[in-house]
Participant: 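For reference, the structure I am asking about is given below.
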Amino acid sequence: MAALPYCILLSKSLVDVPPKGVRDGGIQRLTQGSLLALYSQIEKTEISAANFQQTALEFHEVVHAVFRQAAVVPFRFPTWLSETELAAHLREQSARYEDFLTGHAQHVQMEIRIELPTSEASQPASSGTEHLRKRATQSHELHSNKEKLKQLLSAEVIEWRERELPNGLRIYALVERNRIASFREKLSGHDTTLSHSGPWPAMEFLEKTRS
Amino acid sequence: MNIQTKADAILTPQGSGEQEASLLEVLDHVLNAGIVLHGSLVISVAGVDLVYLGLNAVLTSVETALKHMHRQQL
């Protein structure tokens with residue numbers, strides 16, 4: 001048996017934890033100082049290629065049931081640890097996680113993908129120069145759309161982070177829990193080619209802004 | 001390294017477009033967002049080991065991983 005950890009939260013958080021987790025395993029608590037880790041003790045062999053998608057979703061359900069009530073630091077699925085390793089990790093990272101969970105107690109992460117139109121992205125360029133020119137135009141359009149979005153959502157968003165995708169941009173917005181509805185409402189009227197998802201735990205904001 | 005592409009290719013579900021997008025977003029987060037300590041996973045299809053996924057850093061074929069481990073043992 002090994003510990004499959006779901007997430008870490010502040011031990012003072014008053015949350016209802018689901019009774020069952022991955023593969024119907026009971027959910028156990030490990031408290032270390034101000035932090036609480038939730039995990040299940042299960043056999044590694046219980047997660048296989050055949051049930052991987054199902055177990056990943058069961059994992060997500062546990063993390064999100066807790067996240068709906070409080071800020072969490074989720075583990076990546078599947079992470080296997082002994083209870084001793086889990087306790088040691090909480091000890092080593094306690095200041096970092098406590099700072100994050102306290103500072104972002106009421107924050108969530110919303111995500112927006114701005115993608116290039118498929119037809120435009122897939123058309124081959126006839127020369128290297130044309131390819132570079134096309135890439136520059138696309139990049140300009142993407143960044144222009146991003147700036148319009150940021151302006152549109154400025155009242156809802158506390159902080160932005162972004163990552164480049166091969167065919168666009170992925171933008172992360174730090175939003176107050178009570179502003180999720182207005183964030184979605186403003187986004188629904190926007191005409192840019194985009195998709196959005198959330199709320200998610202604010203993991204892109206775990207590290208403080210690099211100055 | 002693009003774990004997301006591999007995971008998407010293997011985990012793409014059946015269903016409507018909207019459900020797929022939402023399911024893929026969830027799987028993307030479960031597999032790619034969160035604390036990484038250590039761990040490993042071999043993804044097999046029809047009894048054939050296809051991908052070795054070292055969750056902290058490595059995405060490689062099983063054959064390459066085994067070769068590397070064999071060299072380290074020599």
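What you see below is based on every heavy atom in this structure, not just the backbone, and it leaves out hydrogens, waters and symmetry mates. In what follows, every chain begins at residue 1, and chains take the letters A, B, ... in the order their sequences are listed.
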Participant: Using atom types as modelled and distance alone, determine if a side-chain donor or acceptor of Arg76(A) lies under 3.5 Å from a backbone N or O of Ile35(B).
Facilitator: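 Not confirmed, Arg76(A) side chain does not pair with Ile35(B) backbone.
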
Participant: Quick check: do His29(B) and Met203(A) have side-chain heavy atoms less than 4.5 Å from each other?
Facilitator: no

Participant: Are the side chains of Arg113(A) and Glu25(B) in touch, meaning some heavy atoms are under 4.5 Å apart?
Facilitator: yes

Participant: Hey, which of Asn32(B), Val30(B), Leu27(B) is the one that makes side-chain contact (heavy atoms from CB on, under 4.5 Å) with Phe77(A)?
Facilitator: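 Filter result, single survivor: Val30(B).
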
Participant: Would you say that more than 12 heavy atoms from the other residues, nucleotides or ligands in this model lie under 6.0 Å from the CG of Asp16(A), or not?
Facilitator: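 Open.
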
Participant: Name the option with the most non-hydrogen atom pairs under 4.5 Å to chain B; the candidates are Pro5(A), Ser195(A), Ser197(A).
Facilitator: Ser197(A)

Participant: So for Phe75(A), is it side chain, backbone, both, or neither that comes closer than 4.5 Å to the heavy atoms of chain B?
Facilitator: both

Participant: Take Phe52(A) and Leu31(B) through the test side chain to side chain contact (heavy atoms under 4.5 Å, CB included) and record every step on the way to the result.
Facilitator: CA-CA 11 Å; Phe52(A) 191 77; Leu31(B) 298 174; 3.6 Å; yes

Participant: Compare every heavy atom of Ala33(B) with every heavy atom of Pro74(A), then report the nearest pair and how far apart it is.
Facilitator: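 Scanning both residues, the minimum pair turns out to be CG-O, 4.5 Å.
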
Participant: Against chain B, label His64(A) side chain, backbone, both or neither, depending on which of its atoms sit under 4.5 Å from a heavy atom there.
Facilitator: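 His64(A) has no heavy atom closer than 4.5 Å to chain B.
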
Participant: Tell me, for Tyr97(A) versus chain B, whether the close heavy atoms (under 4.5 Å) come from the side chain, the backbone, both or neither.
Facilitator: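 The side chain, not the backbone.
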
Participant: Counting only heavy atoms not in Glu185(A) (residues, nucleotides, ligands), do more than 12 fall under 6.0 Å from its CD?
Facilitator: no

Participant: Which bit of Gln109(A) comes within less than 4.5 Å of chain B, counting heavy atoms only: side chain, backbone, both or neither?
Facilitator: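 Contact with chain B is through the side chain of Gln109(A) alone.
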
Participant: Is it the side chain or the backbone of Leu206(A) that comes within 4.5 Å of chain B heavy atoms, both, or neither?
Facilitator: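 Neither the backbone nor the side chain of Leu206(A) comes within 4.5 Å of chain B.
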
Participant: With only heavy atoms counted, which part of Glu111(A) is less than 4.5 Å from chain B, the side chain, the backbone, both or neither?
Facilitator: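 The side chain, not the backbone.
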
